[in-house]
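Since we're looking at a predicted model, the values are computed, not measured. Proteins get letters first, then strands, A, B, ... in listed order; numbering begins at 1 in each.
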Amino acid sequence: MSNHEHQDSKHQPAQRNEMSRRQFLSYTLGGTTAFMVGGAVLPMVRFAVDPLLAKGGGATLVKVIEESKVTEEPQEVKFKVSQVDGWYKSETEKVAWISKDASGKVFALSPVCKHLGCTVFWNTHGRNEYDCPCHDARYSKDGKNITVANSPLDEYEVDIQDGVVYLGGIIPNTRA
Amino acid sequence: MKFSEIEAEQWEELRPYLDTCLLPVTGMTGAESPLEATQCLEDLRDIMDLIEVPYRGRVVTYPALHYMSEPEHFQQALSSYCSRLKQQGFKYIILITAKTNVRFQISEADLWITPDEDGNLPSDADINSKIRELWHS
Ligand code: FES
């Protein structure tokens, strides 16, 4: 085993983020203060969504699925990572779509649409593509942008140890 | 995304894409203790997460209506807020609450997202099909 800190995400009930104080205040004040996670600001449309790429490296790896269960058909996996926001520590649920390519290499895509950040799904229209419910962006199985969005879906760092797939931080797409 | 995340210089560019308004209704009456009020807000946040996260590129969350008056008055007020939101350009309005007793008939709104009678949250799949249906209507 490496010196990565592994977390087992299985057998935990689905749980939403703990409300951070800033989020909470935004409601108690009637929403007059914005909560901006990690200082992320809304990007311009033409620059698409860039979800905290800088945080990709060095993220904790989380166990998500056995390698033998990964197929060429993408599957949705959910896992939790802890996040520190100022003094408040919270758990965030993340989603990845994981699959193997023709050569058997496992890769995991982030479902955050690069247009304006909605969540894409695999194969809703039977076209073997990811598609976005918001403005119909489409992406190939490798995450390559086909319409609407200007850049490909991000990937998660993948690490395979002892037959188990671990996911880490978000990295730019390496396949499209 | 939340109304307050939108920068002034981006609004015109984003406007055509952000055609749906999410109006949260906390449904408090003033009889809540501080702990109960916290619970109301947390419950509201939990159900709002089901829409705000996956559809953030098309849905603008407005500030919540926290307190509720007598049902008829409240229903009227809610209807008029919805019709003004539509007048200023939203094509769709989604009302959302974590309370089980707040679902009023509001013809100006397009969809209500609420827990079921036992307080269980709708599933992601449920919401997904309702929203896709709404946008394709
Ligand atoms: S957010 Fe616009 S197409 Fe995905």
Side-chain angles (χ1 to χ4, degrees), chain A residues 13-49 51 76 78 90-95 110-122 124-125 131-137 148-149, chain B residues 1-7 9-20 22-24 26 28 34 37-67 121 123-125 127-136:
Chain A
Q15 194 190 315
R16 303 271 154 196
N17 298 349
E18 285 305 307
M19 185 182 268
S20 78
R21 187 156 186 88
R22 271 190 292 169
Q23 268 170 292
F24 184 74
L25 284 175
S26 79
Y27 288 121
T28 53
L29 297 176
T32 48
T33 54
F35 75 91
M36 304 245 175
V37 179
V41 205
L42 180 75
M44 294 297 284
V45 181
R46 64 176 72 91
F47 295 136
V49 176
E76 187 184 38
K78 295 190 174 170
S90 60
E91 285 213 310
T92 312
E93 188 179 74
K94 304 260 184 195
V95 178
S110 155
V112 177
C113 181
K114 299 299 269 190
H115 178 222
L116 290 173
C118 292
T119 303
V120 303
F121 291 87
W122 171 251
T124 335
H125 301 303
D131 77 277
C132 182
C134 289
H135 317 99
D136 298 319
V148 182
Chain B
M1 60 193 69
K2 295 206 189 287
F3 69 97
S4 51
E5 285 177 82
I6 298 169
E7 307 275 332
E9 64 277 15
Q10 293 173 330
W11 175 235
E12 282 311 315
E13 195 174 2
L14 287 170
R15 204 175 179 139
Y17 300 108
L18 294 169
D19 65 356
T20 305
L22 182 70
L23 186 57
T26 317
M28 295 194 295
T38 303
Q39 193 60 50
C40 289
L41 290 164
E42 288 187 350
D43 292 346
L44 180 64
R45 183 271 326 264
D46 285 343
I47 196 164
M48 283 167 65
D49 270 357
L50 300 174
I51 306 258
E52 284 194 293
V53 180
Y55 307 102
R56 56 169 286 119
R58 187 161 174 183
V59 175
V60 185
T61 307
Y62 263 60
L65 280 95
H66 286 313
Y67 292 95
L121 296 185
S123 70
D124 290 340
I127 290 195
N128 192 260
S129 69
K130 281 192 181 134
I131 290 201
R132 280 183 193 250
E133 199 180 304
L134 170 70
W135 284 339
H136 287 120

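Taking each heavy atom of B:Tyr55 and A:Cys134 in turn, the nearest pair found is CA-SG, 4.0 Å. When all heavy atoms of B:Arg58 and A:Cys118 are compared, the closest pair comes out as N-SG, 3.8 Å. A:Phe121 and B:Arg132 get closest at one heavy-atom pair: CD1-NH2, 3.4 Å. B:Val53 and A:Thr119 make their closest contact through O-OG1, 4.1 Å (heavy atoms, listed as atom of the first residue, atom of the second, distance).
Neither the backbone nor the side chain of B:Asp19 comes within contact range of chain A, judged by heavy atoms closer than 4.5 Å.
Atoms CG and CD, on B:Asp49 and A:Glu93 in that order, are 10.0 Å from each other to the nearest 0.5 Å.
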